[in-house]
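Just the heavy atoms: all of them, side chains too, but no hydrogens, waters or symmetry mates, feed the values below.
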Amino acid sequence: MSETRRKLTTIFCADVQDYTRLMGTDEEGTLASLKRCREAMGRLIESHGGRVINTWGDGLIADFPSVVEAVRAAVDTQNELAGFNARRPADGRMLFRIGINLGDVIVEGDDIYGDGVNIAARLQASAAAGGIVISSSVYDQVRNKVAVGFEFLGPLMVKNVDEGVPSYAVKIGDAKDETPPAQRSGSARPQPQPATVMPADMAEARPAPRGRRLYGVLAVIAAVLIVINLLSWQGVFWARFPVLALAVVAALAWNRDQTLFNRKITSLAILALGIAGINLFTWTGQFWAVWPILGIAAAMGVRWSMRR
């Protein structure tokens, strides 16, 4: 039987965007391209000290003893494949998505298992075609060691992982090939494209566009409800209840993307505030919300005491 042990390693996961469509269009040509791309990827992985663990379908998984070398291998891979794809029609390009995570894994024979691998696969699935997404554990190690920029993407939800995994996109230049024609001809190896460097603190501070749009929509709805209430005033400010509900929705949306606090505990706190708001808006001289808030506080305490 193979010996089972654990180790801390950098997991590199890659697969092809729209592989099923490519196979449906040209099976033999797609398989030939996949083989060529995998050979190039395997060579670059080995040159950076990594090891290809397994391949399946259009996927590949490797591990590296060095986090920095794993990211460099990913950047070199995408740059080389960009040169390969530049000579192909737009609908026939083989674009890989790469995800990288640093985590503790179970080693059994030549294979690795565990949440560290699952997170790398989820990061890979969230990457753009021809792009790289890394976890915060990787970012912390490479942010000042690799000459590329990073864009904070927010927390990534992973199955069987309680908290979201903060993720970053690696900025390696735009998708179009700017390699001079002379370098693209023959068997010359494509030259890496220049990286777009962006200060890490600016990348982290950039708010998520989807979140801003949602907050804007909720604010507009709340304003419209208040205006309707005022224009049809009959002595009752009924808009306070839907506005309170919209505020709770906005708070929960913020909580979904924030990484400063435990999200489950924060959700309970938002619920408690919502109940307190209902009590105040329907005030009859009794603060009945104290009992559900006390129960929520107890649940928050239990959750906090059981945190890892």
Side-chain angles (χ1 to χ4, degrees), residues 2-3 5-17 19 30-88 93-114 116-121 123-125 127 129-135 137-139 141-142 145-148 170 172-173 177 179 183-184 186-195:
S2 299
E3 180 184 2
R5 57 188 177 86
R6 304 192 72 98
K7 72 173 182 178
L8 182 67
T9 190
T10 309
I11 306 104
F12 175 112
C13 193
D15 82 346
V16 180
Q17 173 81 7
Y19 181 72
T30 298
L31 287 174
S33 296
L34 178 63
K35 181 178 179 180
R36 178 175 176 180
C37 291
R38 272 188 177 161
E39 288 175 350
M41 191 179 300
R43 169 174 49 80
L44 290 169
I45 289 172
E46 292 180 3
S47 70
H48 285 277
R51 173 180 68 101
V52 176
I53 295 174
N54 202 351
T55 59
W56 67 96
D58 61 321
L60 177 147
I61 186 169
D63 72 343
F64 291 78
S66 167
V67 185
V68 172
E69 291 302 322
V71 175
R72 287 175 175 168
V75 172
D76 286 351
T77 293
Q78 295 294 30
N79 283 333
E80 181 154 333
L81 295 183
F84 169 74
N85 283 307
R87 299 186 291 272
R88 299 176 61 83
R93 292 175 180 173
M94 182 160 288
L95 302 172
F96 278 79
R97 303 174 297 187
I98 298 177
I100 304 176
N101 179 48
L102 172 64
D104 190 271
V105 299
I106 298 172
V107 181
E108 187 170 334
D110 292 329
D111 290 330
I112 58 176
Y113 306 89
V117 179
N118 296 337
I119 291 172
L123 292 167
Q124 164 259 303
I132 306 166
V133 173
I134 63 176
S135 64
S137 58
V138 173
Y139 171 78
Q141 298 296 319
V142 305
K145 299 182 179 70
V146 181
V148 293
V170 179
I172 53 175
D177 180 30
T179 307
Q183 294 180 358
R184 293 201 300 263
S187 60
R189 178 178 175 179
Q191 298 298 311
Q193 299 175 9

Quiz item: Does some side-chain heavy atom of V142 sit less than 4.5 Å from a side-chain heavy atom of V170?
Solution: no
Quiz item: Any side-chain heavy-atom pair from V71 and Q141 closer than 4.5 angstrom?
Solution: no
Quiz prompt | Beyond-backbone contact of I100 with L123, side-chain heavy atoms, under 4.5 angstrom | solution = no
Practice problem: Sequence neighbours left out, what passes side chain to side chain contact (heavy atoms under 4.5 Å, CB included) with A129? Give chain and number order. | Solution: Q17, L95
Self-check item: Minimum side-chain heavy-atom gap S137-N101 below 4.5 Å
Solution: yes
Self-check item: Residue list, side chain to side chain contact (heavy atoms under 4.5 Å, CB included) with A121, at least two apart or on another chain
Solution: C13
Self-check item: Derivation and outcome, side chain to side chain contact (heavy atoms under 4.5 Å, CB included), residues M41 and L81
Solution: CA-CA 9 Å; M41 191 179 300; L81 295 183; 4.2 Å; yes
Practice problem: Search all heavy atoms of F96 against all heavy atoms of A14 and return the closest pair with its distance. | Solution: CD2-CB, 4.2 Å
Quiz item: Between atom CG of L34 and atom CZ of R38, what is the distance when rounded to the nearest 0.5 Å?
Solution: 4.5 Å
Exercise. Name all residues meeting the side-chain hydrogen bond (donor to acceptor under 3.5 Å, both in side chains) criterion together with D58; count only those two or more places apart in sequence or in a different chain, and write none if there are none.
Key: none
Quiz prompt | Check: F64 and I45 side chains under 4.5 Å, non-hydrogen atoms | solution = yes
Quiz item: Who are the side chain to side chain contact (heavy atoms under 4.5 Å, CB included) partners of S47, not counting sequence neighbours?
Solution: L44
Self-check item: Steps toward side chain to side chain contact (heavy atoms under 4.5 Å, CB included) verdict (M94, T30)
Solution: CA-CA 8 Å; M94 182 160 288; T30 298; 3.7 Å; yes
Quiz item: Which residues satisfy the salt bridge (charged side-chain N to carboxylate O under 4.0 Å, His left out) test with R97, sequence neighbours excluded?
Solution: D15
Exercise. Go through the structure and list residues passing side-chain hydrogen bond (donor to acceptor under 3.5 Å, both in side chains) with N54, not counting sequence neighbours.
Key: none
Practice problem: Indicate the atoms forming the closest heavy-atom contact of A73 with F12, along with that distance. | Solution: C-CE1, 4.5 Å
Quiz item: With R88, which residues qualify under salt bridge (charged side-chain N to carboxylate O under 4.0 Å, His left out), at least two apart?
Solution: none
Self-check item: Minimum side-chain heavy-atom gap E39-K35 below 4.5 Å
Solution: yes
Self-check item: For D63, all residues meeting salt bridge (charged side-chain N to carboxylate O under 4.0 Å, His left out), sequence neighbours excluded
Solution: K7, R51
Quiz item: If you measure from CD1 on I11 to CD on Q124, what distance do you get to the nearest 0.5 Å?
Solution: 13.0 Å
Exercise. Only counting residues at least two apart or in another chain, list the ones meeting side-chain hydrogen bond (donor to acceptor under 3.5 Å, both in side chains) with T77.
Key: none
Practice problem: Just jot down the salt bridge (charged side-chain N to carboxylate O under 4.0 Å, His left out) partners of D111, sequence neighbours excluded, or say none. | Solution: none
Exercise. Could you note down all residue pairs passing ring-ring contact (aromatic ring centres under 6.0 Å, His included) where residues 42-61 supplies at least one of them, sequence neighbours left out?
Key: none
Self-check item: All side-chain hydrogen bond (donor to acceptor under 3.5 Å, both in side chains) counterparts of R36, not counting sequence neighbours
Solution: none
